[in-house]
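Here the structure comes first, spelled out in structure tokens, and everything after it is commentary.
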Amino acid sequence: MAKAPRIKAPNHRRRGGKTLVEDPDITVWLMFAPFWMLGIAALVGAVWHFIHFAIVHARAQAAGDVRKTSFFSRRLQWHELGDDGRHHLKRALIAIGAFIGLCFGGILVGVVAALLMRV
């Protein structure tokens, strides 16, 4: 049996024991990837907590613990929510804030990397 030929990756070169990516677009995306993955995790957490807030709040309204608002009235105030409702709403808002922060952080890292690699 013949050995398979060894394929060299054309976009990599060796320098001082480190592999450097030559394509700047790939480098920028590799720097942005951790922010992107953490942002997706934060968004999934926010959706989960918003869904559980809706479930907990609907159960509290059905039990008569939390008042129902009419269509034209103002929203419920923070102190009018139940303990579980406040917990899930707070966690959902924290996760949304984390998602927005990670998006801005990733964009900032991408812009800085692109500007530094232009030199």
Side-chain angles (χ1 to χ4, degrees):
M1 288 192 11
K3 282 183 148 181
R6 195 166 182 170
I7 300 173
K8 286 186 174 180
N11 290 336
H12 293 80
R13 61 188 158 118
R14 304 280 295 173
R15 180 186 292 169
K18 295 182 179 179
T19 303
L20 303 173
V21 179
E22 289 181 2
D23 189 5
D25 291 336
I26 293 174
T27 305
V28 170
W29 280 108
L30 288 174
M31 289 180 189
F32 181 69
F35 293 96
W36 181 69
M37 290 186 297
L38 289 171
I40 289 174
L43 198 58
V44 168
V47 168
W48 187 87
H49 278 290
F50 273 127
I51 289 171
H52 280 272
F53 166 73
I55 292 169
V56 165
H57 190 65
R59 286 181 183 160
Q61 282 182 340
D65 296 335
V66 176
R67 72 176 178 90
K68 294 182 181 181
T69 59
S70 67
F71 183 74
F72 296 108
S73 71
R74 293 179 31 209
R75 64 183 177 90
L76 288 175
Q77 298 300 314
W78 187 257
H79 68 276
E80 294 176 312
L81 299 173
D83 289 337
D84 288 339
R86 265 195 302 274
H87 165 79
H88 286 292
L89 185 60
K90 182 169 56 170
R91 295 295 191 271
L93 294 175
I94 289 171
I96 289 290
F99 171 73
I100 291 170
L102 285 165
C103 285
F104 283 133
I107 290 169
L108 181 68
V109 165
V111 168
V112 168
L115 290 175
L116 289 176
M117 293 174 72
R118 281 182 121 182
V119 177

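Throughout, numbering of the chain's residues begins at 1 and tracks the sequence.
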Parallel, tilted or perpendicular, as decided by the 30° and 60° cut-offs, for the rings of H57 and F53: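 Rings of F53 and H57: parallel, as their planes differ by under 30°.
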
H88 and H49 aromatic ring geometry - parallel, tilted or perpendicular at 30°/60° bounds: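 Rings of H49 and H88: tilted, as their planes differ by 30° to 60°.
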
Distance-minimising heavy-atom pair for G85 and V56: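 Looking at all heavy atoms of both residues, the shortest contact is N-CG1, 3.6 Å.
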
Minimal non-hydrogen separation, A42 against A98, with atom names: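 It is CB-CB, 4.2 Å.
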
Determine, using the 4.5 Å side-chain heavy-atom cutoff (strictly less than), whether [X] and [Y] are members of one ILVMFWY cluster.
X: I55; Y: L89; answer: no
X: V109; Y: L102; answer: yes
X: F50; Y: I100; answer: yes
X: I40; Y: M37; answer: yes
X: L93; Y: F104; answer: yes

W36, CH2 atom: more than 12 neighbouring heavy atoms under 6.0 Å: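 No - once you tally the heavy atoms of other residues, nucleotides and ligands closer than 6.0 Å, there are 12 at most.
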
From CZ (F99) to CG (L38), nearest 0.5 Å: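 Reported to 0.5 Å precision, the distance equals 12.0 Å.
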
